[in-house]
Amino acid sequence: MPELPEVETVRRGLAEHVVGRRVERVEVGRLRVVRRTSAEALVDGLSGCVVLAADRRGKYLRLPLDSGEELMVHLRMSGQLLVAPRGAVRPPHTHVAMILDDGSELWFVDPRTFGEVVVFDPADVEAVVPELARLGIDPIADRFERDDLRAILRRSPRRALKPLLLDQHVIAGIGNIYADEILHRARLRPDRPASSLDRRRVGELHRAIVAVLGEAIAAGGSTLGDAQYVDLMGDGGSYQDEHRVYGRGGERCSTCGRGWIQRVVTGGRGTHFCGVCQR
DNA sequence: AAACAAACCTGTGCGC
DNA sequence: TGCGCACAGGTTTGTT
């Protein structure tokens with residue numbers, strides 16, 4: 001569920017409400033969300049520590065601690081981070097509660113339990129969270145130029161654009177909603193091979209990536225009908241109102257006014273595009 | 001190399 | 001109203 005814009009919105013909330021706070025106590029409910037290590041490792045690694053910063057790489061949140069270790073949170077499909085006053089009634093599926101020194105609590109809530117919370121020593125990143133070390137370029141957090149994208153496309157010439165955008169080892173942070181929205185903005189079909197883009201179209205795709213993600217961040221991300229994504233304070237985003245294709249299968253294309261939005265399934269993911277203005 | 005399916009889970013919405 | 005099925009923002013693993 002949460003993609004780069006949603007995770008970035010959560011990160012900003014953490015920077016405002018959690019950075020600088022000391023974790024006084026940690027409670028772990030379901031062990032599945034701490035499966036990477038253990039409940040003891042999380043409790044021992046967090047208790048008494050001050051959160052120094054809130055960083056993000058792709059969809060991964062990384063919070064350095066004053067112990068030299070780092071807290072990593074991935075929300076996967078249905079995870080939420082929420083802050084609330086100490087003692088407030090916790091929602092169902094609250095699997096981790098961190099009691100902070102300012103009278104608040106930080107909760108990790110996740111019905112599907114795909115998400116996870118782990119504290120690790122950055123020196124052991126390869127052993128504990130190897131995927132973190134293999135993330136591709138972050139189009140917002142890193143300097144991401146048109147030539148970076150050109151190099152990426154040249155590296156996998158036969159690959160279709162959408163799977164390439166979704167590959168976290170290549171570009172980190174784009175998920176199913178924003179891949180579809182970006183390709184629509186760039187007027188490119190999702191199944192188009194990477195090698196088929198000339199210099200001008202590479203530039204258009206680069207601009208679409210930066211613009212769509214930037215606008216989505218400005219809107220606080222996308223909150224769909226089930227309201228599963230909310231920010232740290234429990235508020236939804238508004239970028240879903242600006243979706244041109246995602247979730248709009250069967251509607252007329254609002255960009256060209258001529259085509260209808262098609263929904264097909266590729267790689268098990270719903271893919272939405274306009275067959276008229278996306279080529 | 002790359003496309004695909006299945007797996008991990010729970011909740012929701014839809015057709016009948 | 002109730003039941004069963006399809007489907008969901010992600011990622012890994014194993015198979016063609």
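- The pair Arg146(A)-Glu204(A) does not count as a salt bridge, with every side-chain nitrogen at least 4.0 angstrom from each carboxylate oxygen.
- A donor-acceptor contact closer than 3.5 angstrom links the side chains of Lys162(A) and Thr271(A).
- Set against dT11(C), dC4(B), dA8(C), the side chain of Arg263(A) has dA8(C) as its closest nucleotide.
- Closest of all the heavy-atom pairs between Gln240(A) and Ser222(A) is OE1-CA, 3.5 Å.
- For dT12(C), the OP1/OP2 oxygens have no side-chain nitrogen or oxygen of Arg76(A) closer than 4.0 Å.
- Secondary-structure annotation of DNA chain C gives the stems B:2-8 with C:10-16, B:10-16 with C:2-8, with a stem taken as at least 3 successive Watson-Crick or G-U pairs whose two distances both fall under 3.5 Å.
- With rounding to the nearest 0.5 Å, the separation of NE2 in His184(A) from CZ in Phe273(A) is 12.0 Å.
- In this structure, Tyr60(A) atom OH and dT11(C) atom C1' are separated by 7 Å, rounded to whole Å.
- Listed nucleotides dT12(C), dG10(C), dA8(C) differ in distance to Glu3(A); the shortest reach to its side chain belongs to dG10(C).
- For dC8(B) and dC3(C), the P atoms lie 25 Å apart once the distance is rounded to whole Å.
- Counting heavy atoms of neighbouring residues, nucleotides and ligands inside a 6.0 Å radius, atom CZ of Arg252(A) exceeds 12 of them.
- For the residue pair Glu3(A) and Tyr229(A), no side-chain donor N or O sits within less than 3.5 Å of a side-chain acceptor on the partner.
- dC9(B) has no stacking from Phe114(A) on its base ring, since the centres under 5.5 angstrom apart and planes within 30 degrees of parallel are not both found.
- Atom P of dT1(C) sits at a distance of 26 Å from the matching atom of dT10(B), rounded to the whole Å.
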**Request:** Take Arg56(A) and Leu4(A), measure what side chain to side chain contact (heavy atoms under 4.5 Å, CB included) needs, and give me the verdict at the end.
**Result:** CA-CA 9 Å; Arg56(A) 180 193 57 75; Leu4(A) 189 153; 3.3 Å; yes

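- Using modelled atom types and a 3.5 Å distance limit, the side chains of Ser104(A) and His17(A) yield no donor-acceptor pair.
- Hydrophobic clustering (side-chain heavy atoms under 4.5 Å, transitive across Ile, Leu, Val, Met, Phe, Trp, Tyr) keeps Leu81(A) apart from Leu52(A).
- Atom CZ in Arg57(A) sits about 18 Å away from atom C1' in dG10(C), given to the nearest Å.
- Within 4.0 Å (heavy atoms only), Tyr178(A) reaches no atom of the nucleic acid at all.
- Distance NE2 (His169(A)) to C1' (dA2(B)): 13 Å, rounded to an integer number of Å.
- Distance noted for atom P between dA5(B) and dA6(C): 14 Å (whole Å).
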Report all interatomic pairs (protein N or O, nucleotide N or O of nucleotides 11-13 of chain B) with separations under 3.5 Å.
{"unit_1": "dG11(B)", "atom_1": "OP1", "unit_2": "His93(A)", "atom_2": "NE2", "d": "2.7"}

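- Residue Gly268(A) is classed as having no contact, given no heavy-atom separation below 4.0 Å to the nucleic acid.
- Spacing between atom OH of Tyr229(A) and atom P of dT10(B) amounts to 24 Å, rounded to whole angstrom units.
- Here the side chain of Lys59(A) is nearest to one of dC4(B), dA8(C), dT11(C), namely dT11(C).
- One finds no side-chain N or O of His74(A) lying less than 4.0 angstrom from the OP1 or OP2 phosphate oxygen of dG10(C).
- Side chain to side chain, Glu181(A) and His243(A) fail the donor-acceptor criterion of an N or O pair below 3.5 Å.
- Between Glu8(A) and Arg11(A) there is a salt bridge, since at least one side-chain N of the basic residue sits less than 4.0 Å from a carboxylate O of the acidic one.
- Using cut-offs of 30° and 60° for the angle between ring planes, the His74(A) and Tyr60(A) rings count as perpendicular.
- The distance between atom CZ of Arg36(A) and atom P of dT11(C), rounded to the nearest whole Å, is 12 Å.
- Between Arg269(A) and dA3(B) there is no side-chain polar atom (N or O) within less than 4.0 angstrom of OP1 or OP2.
- The stretch residues 149-168 of chain A touches DNA chain C through Gln168(A), each having a heavy atom within less than 4.0 Å of the strand.
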